Amino acid sequence: MSRYDPAVIEPKWQAAWDRAGAFTAVRDPSRPKYYVLEMFPYPSGRIHMGHVRNYTMGDVVARYKAACGFSVLHPMGWDAFGMPAENAAMERGGHPRDWTYGNIADMKAQMQPLGLSIDWSREFATCDPEYYGQQQALFIDMLAAGLITRKAAVVNWDPVDMTVLANEQVIDGKGWRSGAAVERRELVQWFFKISDYSEELLSALDGLKDWPEKVRLMQANWIGKSRGLQFAFQTVAAPAGFERLEVYTTRPDTLMGASFAAISPDHPLAKALETDPKVAAFVAECRKGGTSAEEIETAEKIGYDTGIRVRHPLDPAWELPVWIANFILMDYGTGAIFGCPGHDQRDFDFARKYGLPIPPVFVAEGSDEAALTEAFVPMKSEKVRYVRGFAGNAVQTGDEGVAAAIAHAEANGYGKGVTKFRLRDWGLSRQRYWGCPIPVVHCATCGVVPEKKENLPVELPYDVSFDKPGNPLDRHPTWAATACPQCGAPAKRETDTMDTFVDSSWYFARFTAPRAATPTVAEDADYWMNVDQYIGGIEHAILHLLYSRFFARAMVKTGHLPQKAVEPFSALFTQGMVTHEIYRSRDAQGRSVYHLPEDVLRFNIKNEAVAFLKVDHQTDLSELSENQLQDLLLEAAGTPVEIVPSAKMSKSKKNVVDPMNIIASFGADTARWFVMSDSPPERDVEWTSSGAEAAFKHLSRVWSLCDRIGQMPADHKGDGDGDADMAKATARAIDEVTKGIESFAFNKAIASLYAFTNTLSRANASTPVMKEAIRTLARLMSPMTPHLAEEIWAAQGGRGLCAQAPWPKADPALLIDDTVTLPIQINGKRRAEISVPKDMPATQVEKLALADEDVVRFLAGQPVKRIIVVPGRIINVVV
RNA sequence: GCCCGCGUGGUGAAAUGGUAGACACUGGGGACUUAAAAUCCCUUGGCCGCAAGGCCGUGCCGGUUCAACUCCGGCCGCGGGCACCA
């Protein structure tokens with residue numbers, strides 16, 4: 001009997017696929033197409049288990065769809081611009097370009113042994129000038145189409161390094177390198193006008209039927225459409241030009257609960273007041289810290305009473321103080337609010353802190369007015385009783401109250417109902433080197449002028465240094481010097497580069513014609529778009545996917561994509577992470593020390609997991625049995641390590657498993673089989689070494705089963721029903737695996753394959769039926785374990801490559817059982833079961849059930865109140 | 001702080017209103033073996049019981065239903081995102 005040796009068979013079949021050009025995508029109008037895409041990776045240099053899982057999922061779909069007769073496009077590329085390359089250059093020397101291309105080569109070499117059905121001829125990296133040059137062409141067209149603008153934006157400013165920091169570079173309000181307190185500072189930046197599409201991006205979500213509901217919800221909340229009231233307060237004692245203070249509120253029904261007005265520290269009025277040193281000091285205090293919403297919203301709420309007053313719109317005699325407050329965002333609404341502490345927790349906390357009144361506007365229906373200990377914020381759909389209402393009924397829902405308040409304001413001319421969106425324009429300027437240069441020129445006479453398309457790409461210079469902080473492009477001696485594309489006078493290039501989200505917002509379109517001299521080619525985009533199945537991490541649920549949806553619209557508008565591609569991803573699947581338990585010990589100071597799984601010996605004693613460090617043993621551990629090892633370790637009391645529950649694999653916790661080690665020990669098919677089995681793909685999967693071994697054992701069992709069937713005498717006859725049973729089991733396996741793959745329930749498809757393999761290995765059917773069954777098994781396994789499937793296919797007389805064989809079809813007649821087993825519940829608890837013909841009428845089933853001896857015993861003569869028969873499902877007897 | 005998820009045996013999970021624990025891992029027992037490894041077979045939610053069988057059980061509390069892991073309300077815990085990480 002031969003041994004299952006993936007190291008031999010895997011390279012062999014990969015070479016065979018290559019020779020056959022099995023995965024080269026060809027535009028074939030006679031066949032339906034299928035475009036499957038996994039989110040392309042950042043080239044960190046090492047693939048990890050998350051990549052293996054992501055690409056295996058895509059590969060299962062790609063191979064399955066190819067078997068179903070589709071012309072499949074399954075490309076791969078590299079999201080290659082970004083900060084890590086610059087950080088590496090700063091920390092270790094070298095150049096971002098060399099670092100990146102080196103990593104791409106390393107990662108590609110690690111991906112190839114997985115046997116993925118990728119069309120590598122379409123590969124590109126976003127840092128290829130060929131790619132980003134086309135991105136610059138897109139930018140120029142978008143600029144001409146009015147989709148891009150320039151305005152001020154707030155950035156994290158490191159006052160010591162004199163540079164802009166990314167949010168992740170701001171740690172506890174301090175710059176990660178300098179340690180200096182970060183400030184918020186305004187800078188003029190380029191923006192994509194994504195907010196022009198707010199309504200469109202929101203309403204089109206309804207059409208994305210094959211997207212997870214949670215992603216659509218997150219995007220809808222992010223876009224944040226709200227209906228509210230905008231009105232102006234008349235100010236008292238405000239500087240000239242600030243006679244009115246515009247505010248926006250989504251709860252105008254709480255207007256009578258106003259106890260103060262508050263403006264953002266970035267509000268023009270706050271700026272006007274900065275001539276007062278006390279205001280200037282307060283505003284400076286507010287600007288400390290980073291720009292992230294998390295940081296701003298969790299910071300302690302502080303305020304400054306400006307001394308200015310505003311008149312309440314419903315009672316000019318009623319004056320409210322105007323505060324500057326750090327939690328008011330200039331980007332949202334008008335940058336000014338009225339505070340209603342009774343019904344907003346932030347306003348409540350603020351009012352408490354500064355001793356402002358907290359009047360309730362409404363109370364729960366049936367309650368009386370009482371002093372509040374926290375803000376009362378019921379759902380807007382809930383009915384409440386207004387004790388300080390001014391519009392609509394005394395008892396009404398919040399929604400009704402809001403509508404009535406807007407109507408009241410409009411009728412009385414002090415405000416109007418407006419719709420606002422939370423979505424802001426997309427700032428794309430980055431003051432960094434390793435990104436796509438923004439293709440514009442600043443000319444003293446012509447102003448900002450786009451570069452001519454024939455001068456593209458505007459290429460990054462290679463001779464840059466990373467010895468100082470700041471943007472190397474900005475301090476390059478010659479690069480920025482150019483001629484104005486309009487007047488020809490000496491002019492300066494834009495030295496900002498683009499956000500890397502731009503690169504990933506259209507790569508899926510570029511894959512349809514990756515070498516074209518234009519961003520896309522109409523015939524290719526027409527044939528291949530849209531992406532039929534997009535697969536990636538839930539962490540991209542909002543930004544990447546929203547930006548791509550915007551870009552698709554922009555590309556339609558500028559003629560680079562057909563109208564049908566406005567929603568570029570027809571179906572989306574978000575997969576979970578790969579996790580691993582963590583091994584931790586403590587050093588002399590009690591600090592955590594983490595250990596790699598490969599340095600730890602882990603086993604179970606009576607279902608109790610224990611782990612020890614593999615250290616300092618003179619004996620060669622590999623020669624000992626597990627029992628001997630247990631004895632040895634327990635006796636020697638090797639350093640025990642604590643097993644910490646699983647978390648996402650990360651370098652800092654050292655809970656990483658290198659896919660290359662797994663492939664070296666067990667082969668790619670085992671790694672692929674394991675990541676697809678057990679856990680549902682949208683959930684996190686726990687990597688366990690025992691699980692990987694079990695996967696390998698199972699594949700070895702399939703291998704020896706194939707061997708055994710191959711050696712069966714040709715004239716072997718099975719048991720009486722052996723052939724019929726095998727045919728039924730085969731049909732069921734085809735049906736279940738097909739449904740599993742179609743519904744992204746790969747774990748269930750694999751469970752069916754386990755069951756089918758068990759049936760097959762215990763079956764006694766005739767030789768031709770057994771051979772047919774194992775060929776079907778090979779076909780069904782091939783999306784998950786393509787190399788093993790080819791080997792079995794070839795051994796059992798399959799024609800051509802398994803990878804190019806059609807998907808098996810189940811005979812529907814074999815899927816139907818003649819009799820069904822019906823559980824019988826008494827008062828909802830299962831007490832008995834009966835077997836009946838599948839189409840027996842309910843009345844007859846009822847009689848049979850009540851006559852069942854277990855049922856009679858349980859009922860013990862009690863009268864039956866009701867009996868429910870769900871055909872083919874269950875019977876419930878109520879007494 | 002805000003938005004979105006998730007929570008079922010010792011473990012990964014299955015069941016999406018209808019028999020809770022399919023399929024696996026681990027553990028326990030057995031066969032084979034001089035012995036071990038490998039392989040194969042049986043068993044494996046908890047409690048009570050000699051057994052037949054019974055009771056309990058899907059993070060916690062409450063509700064809807066003939067019937068709830070599944071739907072609704074509230075809480076707890078964990079994870080993802082929050083616009084310059086990708």
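Below, all heavy atoms of this structure are taken into account, side chains as well, without hydrogens, waters or symmetry copies. Small disclaimer: the values here were computed from a predicted structure and weren't measured. Just so it is clear: chains get the letters A, B, ... in the order the sequence lines come, proteins before strands, and each one is counted from 1.
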Legend entry - Base paired to A35(B) (Watson-Crick or G-U; both N/O distances under 3.5 angstrom): none
Inset, instruction - Check every strand shown and say whether Val870(A) touches a base, only sugar-phosphate, or nothing at a heavy-atom separation below 4.0 Å. - result: base
Legend entry - Nucleotide forming a Watson-Crick or wobble pair with G53(B), both distances under 3.5 Å: C48(B)
Inset, instruction - Report yes if a side-chain nitrogen or oxygen of Arg424(A) is closer than 4.0 Å to either non-bridging phosphate oxygen (OP1 or OP2) of A83(B); otherwise report no. - result: no
Inset, instruction - Select base, sugar-phosphate, or nothing to describe what Pro680(A) touches, counting heavy atoms under 4.0 Å on all strands. - result: sugar-phosphate
Legend entry - Whole-angstrom distance between G10(B) and U44(B), as gauged at atom C1': 10 Å
Inset, instruction - Tell me whether the centres of the aromatic rings in Phe327(A) and Phe350(A) are closer together than 6.0 Å. - result: yes
Legend entry - Phosphate-side-chain proximity, Arg346(A) and G1(B), N/O vs OP1/OP2 below 4.0 Å: no
Legend entry - Sugar-phosphate, base or nothing in reach of His698(A), heavy atoms under 4.0 Å: nothing
Inset, instruction - Using the P atom on both, measure A67(B) against U19(B) and round to a whole Å. - result: 15 Å
Inset, instruction - For Glu295(A), answer base if it contacts any base atom (sugar-phosphate contacts may also be present), sugar-phosphate if it contacts only those atoms, and nothing otherwise; contact means non-hydrogen atoms under 4.0 Å. - result: nothing
Inset, instruction - Verify the distance criterion only: is there a donor paired with an acceptor across the side chains of Asp474(A) and Thr495(A) at less than 3.5 Å? - result: yes
Legend entry - Minimum-distance nucleotide (side-chain atoms of Lys697(A) versus C85(B), A86(B), U39(B)): U39(B)
Legend entry - Listed nucleotide nearest any side-chain atom of Met218(A), set G1(B), A83(B), G80(B): G80(B)
Inset, instruction - Give me the ring orientation class for Phe81(A) and Trp434(A): parallel if the planes are under 30° apart, tilted from 30 to 60°, perpendicular past 60°. - result: perpendicular
Inset, instruction - Starting from C1' on A13(B), measure out to CD on Glu682(A) and report it in whole angstrom. - result: 12 Å
Inset, instruction - Identify whether any heavy atom of Gln345(A) sits under 4.0 Å from a base atom; if not, whether one sits that close to sugar-phosphate; answer base, sugar-phosphate or nothing. - result: nothing
Inset, instruction - Give one of base, sugar-phosphate or nothing for Ile875(A), where a contact means two heavy atoms less than 4.0 Å apart. - result: nothing
Inset, instruction - When you get a sec, tell me which of C66(B), C4(B), G1(B) is the closest nucleotide to the side chain of Thr298(A)? - result: G1(B)
Legend entry - Nucleotide opposite C40(B) in a Watson-Crick or G-U pair, distances under 3.5 Å: G30(B)
Legend entry - Nucleotide G18(B), atom P - distance to CD1 of Ile834(A) in whole Å: 19 Å
Inset, instruction - Quick one: label Trp426(A) by what it contacts on the DNA or RNA (base, sugar-phosphate, nothing), any heavy atom closer than 4.0 Å. - result: nothing
Inset, instruction - Please give the nucleotide sitting opposite U11(B) as a Watson-Crick or G-U wobble pair, both distances under 3.5 Å, or none. - result: A24(B)
Legend entry - Residue list, ring pair (Phe, Tyr, Trp, His ring centres under 6.0 Å) with Tyr197(A), at least two apart or on another chain: Phe550(A)
Legend entry - Sugar-phosphate only, base, or nothing, as touched by Phe501(A) at under 4.0 Å among non-hydrogen atoms: base
Inset, instruction - Answer whether the closest heavy-atom distance between the side chains of Asn87(A) and Trp176(A) falls below 4.5 Å. - result: yes
Inset, instruction - If a pair satisfies salt bridge (charged side-chain N to carboxylate O under 4.0 Å, His left out) and one of its residues is in residues 212-226 of chain A, list it, with sequence neighbours excluded. - result: Glu199(A)-Lys225(A), Glu213(A)-Arg216(A)
Legend entry - Residue met sooner reading RNA chain B from 5', once Gln825(A) and Ala80(A) are mapped to nucleotides: Gln825(A)
Legend entry - Under 4.0 angstrom between Thr500(A) side-chain N/O and A86(B) OP1 or OP2: yes
Polar pairs (N or O, both sides) under 3.5 Å between protein and nucleotides 22-24 of chain B?
unit_1 : atom_1 : unit_2    : atom_2 : d
A24(B) : OP1    : Asn758(A) : ND2    : 2.4

Legend entry - Base paired to A83(B) (Watson-Crick or G-U; both N/O distances under 3.5 angstrom): none
Legend entry - Whichever of Val155(A) and Arg857(A) has its nearest RNA chain B nucleotide further upstream toward 5': Arg857(A)
Legend entry - Any Arg683(A) side-chain N or O less than 4.0 Å from OP1/OP2 of G79(B): no
Inset, instruction - Mind calculating the distance between CD (Glu853(A)) and P (G53(B)) to the nearest angstrom? - result: 11 Å
Legend entry - Mate of C60(B) where both pairing distances stay under 3.5 Å, Watson-Crick or G-U: G74(B)
Legend entry - Any Arg430(A) side-chain N or O less than 4.0 Å from OP1/OP2 of C85(B): no
Inset, instruction - Figure out the CZ/C1' separation between Phe350(A) and G1(B), and round it to whole Å. - result: 16 Å
Legend entry - Phosphate OP1/OP2 of A68(B): any Lys829(A) side-chain N/O under 4.0 Å: no
Inset, instruction - Under 4.0 Å between any heavy atoms, over every strand shown, what does Leu217(A) touch: base, sugar-phosphate, or nothing? Just pick one. - result: sugar-phosphate
Inset, instruction - Tell me what Ser429(A) touches on the nucleic acid: a base, only sugar-phosphate, or nothing, going by heavy atoms under 4.0 Å. - result: base
Inset, instruction - Could you tell me whether Asp499(A) and Arg430(A) have a side-chain N and a carboxylate O separated by less than 4.0 Å? - result: yes
Inset, instruction - Look at the rings of Tyr55(A) and His51(A) and say which category their plane angle falls in: under 30° parallel, 30 to 60° tilted, over 60° perpendicular. - result: parallel
Inset, instruction - Please work out if Phe192(A) contacts a base, only the sugar-phosphate, or nothing of the nucleic acid, heavy-atom cut-off 4.0 Å. - result: nothing
Legend entry - Between U11(B) and G18(B) - C1' atom distance, rounded Å: 28 Å
Inset, instruction - When you get a sec, tell me which of G18(B), G5(B), A86(B) is the closest nucleotide to the side chain of Ile874(A)? - result: G18(B)
Legend entry - G9(B) glycosidic torsion: syn (within 90° of 0) vs anti: syn
Inset, instruction - Determine whether any donor atom in the side chain of Asn876(A) lies under 3.5 Å from an acceptor atom in the base of C66(B), or the reverse, and answer yes or no. - result: yes
Inset, instruction - Taking only Lys NZ, Arg NE, NH1 and NH2, and the carboxylate oxygens of Asp or Glu, determine whether Lys151(A) and Asp425(A) approach each other closer than 4.0 Å. - result: yes
Inset, instruction - Would you kindly give the NE2-to-C1' distance between His544(A) and A83(B), to the nearest whole Å? - result: 15 Å
Inset, instruction - Have a look at Val877(A) and say if it touches a base, only the backbone sugar-phosphate, or nothing, with a 4.0 Å heavy-atom cut-off. - result: nothing
Legend entry - Side-chain-base donor-acceptor pair under 3.5 Å for Glu297(A) and C2(B): no
Inset, instruction - Could you state the atom-to-atom distance from CG of Leu546(A) to C1' of A83(B) in whole Å? - result: 10 Å
Legend entry - Nucleotide nearest Met83(A) (side chain, heavy atoms from C-beta), chosen from C85(B), C82(B), C4(B): C85(B)
Inset, instruction - Specify the separation, in whole Å, of atom CG of Leu545(A) and atom P of C4(B). - result: 17 Å
Inset, instruction - Using a heavy-atom cut-off of under 4.0 Å over every strand shown, decide if Gly427(A) touches base, sugar-phosphate, or nothing. - result: sugar-phosphate
Inset, instruction - Would you please test Arg177(A) and Glu91(A) for salt bridge (charged side-chain N to carboxylate O under 4.0 Å, His left out) and show each step? - result: CA-CA 11 Å; Arg177(A) 277 174 202 289; Glu91(A) 281 158 19; 3.7 Å; yes
Inset, instruction - Examine G12(B): is either OP1 or OP2 under 4.0 Å from a nitrogen or oxygen in the side chain of Ser679(A)? Give yes or no. - result: no
Legend entry - Gap between atoms CZ and P, on Arg762(A) and C40(B) respectively (whole Å): 10 Å
Inset, instruction - Measure the acute angle between the ring planes of Phe551(A) and Phe192(A), then classify it against the limits of 30° and 60° as parallel, tilted or perpendicular. - result: perpendicular
Inset, instruction - May I ask you to decide whether Arg732(A) forms a salt bridge with Asp735(A), counting only side-chain N to carboxylate O separations under 4.0 Å? - result: no
